[in-house]
Amino acid sequence: MSPLLRVLMVEDSEDDSELTLGELRRGGFEPSCVRVEAADTLREALRTQTFDVVISDFTMPAFTGLDALRILQESGKDIPFILVSGSVGEDVAVAAMRAGAQDFYAKGNTTRLPAAVERELREAEVRRERRRMELALAESQALQRQILESVRDYAIFSVDTEHRITSWSPGCQQVQGYTAEEFIGLPFERLFTPEDIARGGPEATLQEARGRGQSTGEGLRVRKDGSRFWAQTSLTPLLDATGRLRGYTQIIQDVSERKRLIDELQAAVRARDEFLSIAGHELNTPLTSLQLQLQSLRRPVQQAAEDPTQAAKFSPKLEAALRQVSRLAELVRMLLDVSRVTSGRLELRPEPVDLTVVAHEVAERLEGLRSSSASTLELRAPEPVTGRFDRLRVEAILTNLLVNAFKFGAGRPVVVTLVRRDSVARLTVQDHGIGIDAADQVRLFQRFERAVSDRHYGGFGIGLWLVRQFVEAHGGTIQLESAPGQGSVFTVELPIVDADAAVRGRGVP
């Protein structure tokens with residue numbers, strides 16, 4: 001199929017126009033022609049239509065081919081302009097070419113016209129592509145300038161292969177304190193501290209950038225006035241098309257304030273963990289002593305047969321005190337566990353443990369809480385489930401799950417099931433209480449997260465978080481199935497056969 005050629009013919013002779021179009025057809029084109037013969041119709045055609053080539057006679061009654069060329073140039077359109085005339089000499093043709101015409105042919109000798117048109121179309125496309133690239137480059141450079149001028153928190157500049165600074169951005173003055181005149185030409189090493197220079201820091205940074213394609217890091221840098229600041233830096237080598245090093249691009253951000261805040265936060269966290277640890281140890285000692293003393297009083301009071309009135313009077317008080325002491329001891333242990341987990345110092349101490357025995361002991365210890373909640377507790381543990389576990393941690397797992405079940409169980413039955421499935425101990429705690437919405441389940445095992453308002457339910461919001469930490473430290477898993485108004489089922493699976501390998505020397509991150 002012949003390529004379509006949109007021709008603007010500037011010609012007062014229709015016959016000559018047809019001869020030219022016929023030559024183009026013989027050359028393989030399918031011309032679509034608009035013929036004009038006056039300046040105003042030429043301007044209108046250029047304004048309203050698109051053409052691939054302009055072919056113009058030189059001598060016409062109203063105006064000349066040079067006039068037509070000037071009108072095309074005034075339009076700003078890059079369209080090949082070819083003169084075809086039989087009435088002008090070589091000197092006029094040369095003048096037309098110098099004025100901007102692409103080619104000149106005498107009428108009656110236009111056999112090479114199709115080839116010339118094809119050549120000029122290619123060259124016009126090359127010119128248009130070059131202009132598009134130049135425009136894109138200019139736009140890109142303008143955008144880069146705008147970006148550099150708008151970025152004031154970053155010093156962005158280039159360094160040549162001689163390690164001298166070759167460009168400047170407004171951020172360089174804000175971050176480093178230099179104007180463009182002061183900054184350009186400075187040695188790259190001037191931005192480093194004397195200590196870094198003595199250690200070969202600047203050259204090491206450049207070598208790392210060349211070797212790895214980029215060098216990033218944080219450290220001290222020096223401003224113009226000699227003051228120091230904590231900087232985040234990125235140095236990238238610039239390579240040409242052959243891979244030869246042309247220089248480097250450096251980006252520096254002053255992060256002194258961020259580092260100060262992080263340092264303060266880390267110090268606060270260390271102080272908090274230290275406080276929790278000290279508070280836990282300091283509180284645990286007198287509480288343990290008090291608990292032992294109260295326990296030693298229980299039997300004499302119960303055996304005071306000679307004075308039953310006194311026994312009946314003191315026994316309930318002692319029982320209440322023991323329950324409160326047990327609760328305080330639980331809180332202290334929880335604080336200590338939080339401190340150990342958050343500081344990465346939690347270490348499990350596995351030993352042979354029958355989880356069935358632990359389940360019965362925990363249920364007995366929480367009898368008072370169960371009674372006050374009005375829930376019933378059914379423990380389904382038909383056989384021993386023995387493995388190597390950290391006894392205190394598995395007690396804490398079941399204790400926290402049962403406390404939750406009693407607290408949110410709405411006085412309805414709570415069922416604990418403990419079975420062995422191959423090499424896994426499977427513990428489920430099911431209540432029939434208020435349940436948990438699916439949106440809240442995702443965050444329930446995170447620290448200090450709660451699914452209910454603390455106005456109606458107490459607690460720190462760390463019980464289930466600790467449960468998950470202890471379960472995962474044993475190499476196990478915990479899952480939750482719940483829906484509002486339908487209660488909750490917590491399922492814990494702990495490995496038995498490989499429990500020792502799973503926990504040996506393992507802490508919680």
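None of these values were measured; they are calculated from a predicted model. One-based numbering along the sequence shown.
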Worksheet item: Of the options Arg131, Arg128, Arg130, which is the one that meets Asp78 in a salt bridge (charged side-chain N to carboxylate O under 4.0 Å, His left out)?
Response: Arg131
Worksheet item: Under the side-chain contact (heavy atoms from CB on, under 4.5 Å) criterion, do Leu220 and Trp230 qualify, and how do the steps go?
Response: CA-CA 5 Å; Leu220 288 174; Trp230 193 259; 3.7 Å; yes
Worksheet item: Side-chain contact, heavy-atom cut-off 4.5 Å: Ser85 with Asp57?
Response: yes
Discussion item. Can you tell me how the ring of Tyr178 sits relative to the ring of Phe183, calling it parallel under 30°, perpendicular over 60° and tilted otherwise?
Written reply: tilted
Worksheet item: With distance as the sole test, does Glu182 use its side chain to make a donor-acceptor pair with the main-chain N or O of Thr179 at under 3.5 Å?
Response: yes
Worksheet item: Of the non-hydrogen atoms in Phe470 and Ala396, which two are nearest, and what is the gap between them?
Response: CE1-CB, 3.7 Å
Worksheet entry | salt bridge (Lys or Arg N to Asp or Glu O under 4.0 Å) between Glu472 and Arg393, intermediate numbers included | CA-CA 11 Å; Glu472 292 179 353; Arg393 308 310 181 207; over 6 Å; no
Worksheet item: How close do Val175 and Asp153 get, heavy atom to heavy atom, and via which atoms?
Response: CG2-O, 3.6 Å
Discussion item. For the CD atom on Gln479, are there more than 12 heavy atoms of other groups (residues, nucleotides or ligands in this structure) within a distance under 6.0 Å?
Written reply: no
Discussion item. To the closest 0.5 Å, what do you measure between CZ (Arg221) and CG (Asp254)?
Written reply: 12.0 Å
Practice prompt. Return the minimal non-hydrogen interatomic distance between Pro237 and Ala209, and the atom names on each side.
Written response: CG-O, 3.4 Å
Worksheet entry | Verdict with reasoning, Asp196 to Arg199, per salt bridge (Lys or Arg N to Asp or Glu O under 4.0 Å) | CA-CA 5 Å; Asp196 280 341; Arg199 289 193 295 265; 2.5 Å; yes
Worksheet item: Does the Ser167 side chain pair with the main chain of Ser158, one donor and one acceptor, at a distance under 3.5 Å?
Response: yes
Worksheet item: Is Glu120 close to Val53 at the side-chain level, that is, under 4.5 Å between some pair of heavy atoms?
Response: no
Item to complete: Could you pull out the closest heavy-atom pair between Ser482 and Ile436, with the gap in Å?
Response: OG-N, 2.7 Å
Worksheet item: Does the distance from a Lys or Arg side-chain N to an Asp or Glu carboxylate O, for Arg122 and Glu125, drop under 4.0 Å?
Response: no
Fill in: Heavy-atom neighbours of Arg212 CZ exceed 12 at 6.0 Å
no
Worksheet entry | Arg246, CZ atom: more than 12 neighbouring heavy atoms under 6.0 Å | no
Worksheet item: Taking side chain as C-beta onward, heavy atoms only, is Gln173 less than 4.5 Å from Trp168?
Response: yes
Fill in: Stepwise side-chain contact (heavy atoms from CB on, under 4.5 Å) check, Ile397 with Leu466
CA-CA 8 Å; Ile397 291 171; Leu466 282 174; over 6 Å; no
Worksheet item: Within the side chain of Asp160, is there an N or O that forms a donor-acceptor pair under 3.5 Å with the backbone of Gly247?
Response: no
Discussion item. Do Pro61 and Asp12 make a side-chain contact, defined as non-hydrogen atoms from C-beta onward lying under 4.5 Å apart?
Written reply: yes
Worksheet entry | Side-chain touch Phe29/Pro3, heavy atoms, less than 4.5 angstrom | yes
Worksheet item: At what distance, to the nearest 0.5 angstrom, does CD of Glu11 lie from OG of Ser56?
Response: 8.0 Å
Discussion item. Are Leu4 and Ser32 packed together at the side-chain level, in the sense that at least one heavy-atom pair is separated by less than 4.5 angstrom?
Written reply: yes
Response to the item:
Between Leu72 and Ile79, the two heavy atoms sitting closest are CD2-O, 3.5 Å
Worksheet entry | Side-chain touch Leu46/Leu8, heavy atoms, less than 4.5 angstrom | yes
Item to complete: Hey, could you give me the CD1/CD distance between Ile478 and Glu493, rounded to the nearest 0.5 Å?
Response: 11.0 Å
Worksheet item: Just how far is it from atom OG1 of Thr59 to atom CG of Leu66, taken to the nearest 0.5 Å?
Response: 9.5 Å
Item to complete: Check whether the side chains of Gln214 and Ser234 place a donor and an acceptor atom closer than 3.5 Å, and report yes or no.
Response: yes
Item to complete: Answer yes when Arg260 and Glu264 have at least one side-chain N-carboxylate O distance shorter than 4.0 Å, and no when they do not.
Response: yes
Worksheet item: Distance from Leu113 atom CG to Asp103 atom CG, nearest 0.5 Å?
Response: 8.5 Å
Practice prompt. Assess whether side-chain contact (heavy atoms from CB on, under 4.5 Å) is satisfied between Leu121 and Leu5, documenting all intermediate values.
Written response: CA-CA 10 Å; Leu121 291 177; Leu5 181 68; 3.7 Å; yes
Worksheet item: Where the side chain of Ser17 meets the backbone of Ser13, is there a donor-acceptor pair that is under 3.5 Å apart?
Response: no
Worksheet item: Aromatic rings Phe389 and His474: how do their planes relate, parallel, tilted or perpendicular, breaks at 30° and 60°?
Response: tilted
Worksheet item: At their closest point, which heavy atom of Leu245 faces which heavy atom of Thr161, and how far apart are they?
Response: O-CG2, 3.7 Å
Discussion item. Under a 3.5 Å distance rule, please check whether Asn404 uses its side chain to pair with a backbone N or O of Leu401 as donor and acceptor.
Written reply: no
Worksheet item: Roughly how far, to the nearest 0.5 Å, is CD1 of Ile252 from CZ of Phe229?
Response: 5.5 Å
Worksheet item: Passes salt bridge (Lys or Arg N to Asp or Glu O under 4.0 Å), Arg6 versus Asp52? Steps please.
Response: CA-CA 5 Å; Arg6 296 166 295 184; Asp52 298 314; 2.8 Å; yes
Worksheet item: Does CD in Glu123 sit with more than 12 non-hydrogen atoms of other residues, nucleotides or ligands closer than 6.0 Å?
Response: yes
Item to complete: Assess whether salt bridge (Lys or Arg N to Asp or Glu O under 4.0 Å) is satisfied between Asp240 and Arg244, documenting all intermediate values.
Response: CA-CA 5 Å; Asp240 62 15; Arg244 185 171 59 90; 3.2 Å; yes
Worksheet item: Under 6.0 Å from the CD atom of Glu162, do we count more than 12 heavy atoms belonging to anything else shown?
Response: no
Worksheet item: Which is it for Glu481 and Thr491 under the side-chain contact (heavy atoms from CB on, under 4.5 Å) test, yes or no, and what are the steps along the way?
Response: CA-CA 8 Å; Glu481 296 179 16; Thr491 302; 5.6 Å; no
Worksheet entry | Check: Thr249/Thr236 side-chain N/O donor and acceptor closer than 3.5 Å | no
Worksheet item: Under 3.5 Å, is there a donor-acceptor pair between the side chain of Gln102 and the main chain of Ala116?
Response: no
Discussion item. Has Arg164 got a side-chain atom pairing as donor or acceptor with Gly185's backbone, closer than 3.5 angstrom?
Written reply: yes
Practice prompt. Answer yes or no: does atom CZ of Arg223 have more than 12 heavy-atom neighbours from other residues, nucleotides or ligands under 6.0 Å?
Written response: yes
Discussion item. Can you tell me if Arg426 has over 12 outside heavy atoms packed within less than 6.0 Å of its CZ?
Written reply: no
Practice prompt. Would you mind reporting whether Asn400 and Phe490 have side-chain heavy atoms less than 4.5 Å apart?
Written response: no
